[in-house]
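So you know, we letter chains A, B, ... as the sequences are listed, proteins then strands, and number each from 1. The model shown is predicted, which means the values in this text are computed figures rather than measured ones. Below, all heavy atoms of this structure are taken into account, side chains as well, without hydrogens, waters or symmetry copies.
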Number of protein chains: 2
Amino acid sequence: MTLQLAISASQRSTRQTVTANWTPIRTENEVEASFAPVMHFDQDCEIYGEGDAAEYYYKVVSGMVRTCKFFADGRRQIDGFHVAGDLFGIETGCEHSLSAEAVSDCSIVAIRRGNADISASAHLLAGLMRVLGRAQEHAVLLGRRSAVEKVAAFLLALPCGAGAKDKIALAMTRQDIGDYLGLTLETVSRTISQLERDDIIDLPSARQIKIKDREALIELRG
Amino acid sequence: MTLQLAISASQRSTRQTVTANWTPIRTENEVEASFAPVMHFDQDCEIYGEGDAAEYYYKVVSGMVRTCKFFADGRRQIDGFHVAGDLFGIETGCEHSLSAEAVSDCSIVAIRRGNADISASAHLLAGLMRVLGRAQEHAVLLGRRSAVEKVAAFLLALPCGAGAKDKIALAMTRQDIGDYLGLTLETVSRTISQLERDDIIDLPSARQIKIKDREALIELRG
DNA sequence: CGGGATTTTGATTCCAATCAAGTCCGGTGG
DNA sequence: CCACCGGACTTGATTGGAATCAAAATCCCG
């Protein structure tokens, strides 16, 4: 078992991932390729970096992964959050155009490109299409929309905890949410607080959100 | 030959497409499916609307197409501009999640879904991957970036006129560019004017742009 | 408990949106 | 050929919403 390293998170939005730190585990019950080791990554580990050779694409088994782009000035744009079943790291060219990092401790399988060709598997093709649809929705979300609209849409798109419907456990920080929505962490916080004051959501803790009035959220999302 | 109808373009960003108005032409030299009629659309015609059954996906032969989303309040987000060779209208579900319209007079081929399955054609799969890459880049562009950065990136991504390198003929209006970049038409105009004042581009006319200092643009794009 | 990271909240600033005139340009008709 | 018309574009003045700067509160983990 590997230990979570302390992270020197001083500046805003700067790269703060610990270096790769994963444990390969052979599994029997994996549906994909004949030989797909499951890897475990600790929270905030980098799975791959922008510019790395894209020999594999990946599928999340458990936990959450973020794919993102870093700019020279330290700003970061998160492309997406990926949970169990999601594909990520699919590339046209031979190198990754984004970085991928573990939001929480997580397990993923790597699938060698060409080995199991996407076109060979209807399952993978469907995954690819889903990725495309999400990317397009994300672009629409980032365009001319206000902070409330963005946050409302984000909350509505979030997967609810199994069983307890309308209860959301956030795995990511306000900074992560901001970098995904194109807002600052302060604006995200303020907006969420306002939603609570308006009795639209409940905040037992910062990372626990209960949707009290889904209709109102849908209204705000526009 | 069909006539271009007068358009009542009064409000900003409101739907202003003329109703479908296309001419099917049978062609022999089409590589795709065995039976792919080429259709012609006049400028500003709707090719399909959000919610329409997605029986086909499409490929641009000539001219330019925009795919976009309309909001209840009249705002519009343009998802992308598509030129010769580009695929558009690929959907996961059974209906279109965006609308498609002709930016200029254009010719496109429709490819029936399932008939020529994407997975059956490496060519189509590559097209799909390219679409995905573009959608991701677009999302990154719309996130936390300033007006100048957006416009610079837009100009650099534009296809230059054949032969005369660095000469761009804009097919779209300032409003179109704004709805693509998540800016108002005024901000787009101001930014372009500023670039001219800074001697980075030249504007013989509003729709003709000559890039004088590509390095500077790249610098601004970040 | 203690300490650091995360989150909330407040005050102020700034960039882009909005509101409001003009100007330019391509097309049309006299 | 020129005057005129309408849409597209430019430019100016002002406003507004989110960013930034700053500090306090809270949570989580050892």
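- Here D/dG17 presents its P atom at 19 Å from CG of A/Leu181, a figure rounded to the nearest Å.
- Taking the six-membered ring where the residue is Trp, the centroids of A/Tyr56 and A/Tyr48 are separated by 6.0 Å or more.
- No side-chain donor from either of B/Glu50 and B/Ser97 sits under 3.5 Å from a side-chain acceptor of the other.
- A/Thr173 comes within contact range of the sugar-phosphate backbone alone, with a heavy-atom separation under 4.0 Å but no base atom that close.
- For the helix from C/dC1-D/dG30 to C/dG30-D/dC1, the end axes, each set by the C1' atoms of five terminal pairs, are bent relative to each other by 40° (nearest 10°).
- Checking C/dT9, C/dT7, D/dT11 against the side-chain heavy atoms of A/Arg197 singles out C/dT9 as nearest.
- Computed from coordinates, the B/Leu195 CG to D/dT10 C1' distance equals 14 Å when rounded to whole Å.
- The interatomic distance linking A/Gln175 (CD) with D/dT20 (P) rounds to 11 Å, in whole Å.
- The B/Arg207 side chain lies nearest to D/dA8 when the options are C/dT7, D/dA8, D/dT10.
- The CG-C1' distance, from A/Leu203 to C/dT8, rounds to 11 Å in whole Å.
- Taking atom CG of residue B/Asp176 and atom C1' of nucleotide D/dC9, one finds them 13 Å apart after rounding to whole Å.
- B/Ile201 and B/Ile211 make their closest contact through CG2-CA, 4.4 Å (heavy atoms, listed as atom of the first residue, atom of the second, distance).
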Run the salt bridge (Lys or Arg N to Asp or Glu O under 4.0 Å) test on A/Lys167 and A/Asp202 for me, step by step, so that the C-alpha distance in whole Å, both residues' side-chain angles and the decisive distance to 0.1 Å come before the verdict.
CA-CA 9 Å; A/Lys167 289 227 173 192; A/Asp202 209 21; over 6 Å; no

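- In terms of the ring-ring contact (aromatic ring centres under 6.0 Å, His included) criterion, residue partners of A/Tyr180 (sequence neighbours excluded) are, by chain and number, A/Phe81, A/His138, A/Phe154.
- Heavy atoms of A/Ser193 sit under 4.0 angstrom from primed sugar atoms or phosphate atoms, though from no base atom.
- In this structure, B/Glu196 atom CD and C/dC24 atom P are separated by 13 Å, rounded to whole Å.
- Taking each heavy atom of B/Val188 and B/Arg174 in turn, the nearest pair found is CG1-CD, 4.0 Å.
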Using a cut-off of under 3.5 Å, enumerate the N/O to N/O pairs linking the protein to nucleotides 15-17 of chain C.
{"unit_1": "C/dA16", "atom_1": "OP1", "unit_2": "B/Ala147", "atom_2": "N", "d": "2.7"}
{"unit_1": "C/dA17", "atom_1": "OP1", "unit_2": "B/Thr184", "atom_2": "N", "d": "3.4"}
{"unit_1": "C/dA17", "atom_1": "OP2", "unit_2": "B/Thr184", "atom_2": "N", "d": "3.3"}
{"unit_1": "C/dA17", "atom_1": "OP2", "unit_2": "B/Thr184", "atom_2": "OG1", "d": "3.0"}
{"unit_1": "C/dA17", "atom_1": "OP2", "unit_2": "B/Thr187", "atom_2": "OG1", "d": "2.3"}

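- One atom, CD of B/Gln194, and another, C1' of D/dT11, lie 12 Å apart when rounded to the nearest Å.
- Here the shortest heavy-atom pairing between A/Leu155 and A/Leu217 reads CB-CD1, 4.2 Å.
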Can B/Met64 and B/Met172 be said to form a side chain to side chain contact (heavy atoms under 4.5 Å, CB included), step by step?
CA-CA 9 Å; B/Met64 182 179 276; B/Met172 69 291 278; 3.7 Å; yes

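- Looking at every heavy atom in both residues, B/His40 comes nearest to B/Cys106 through ND1-O, 3.1 Å.
- Atom P of nucleotide D/dC28 and atom CD of A/Gln208 are separated by 9 Å, given to the nearest angstrom.
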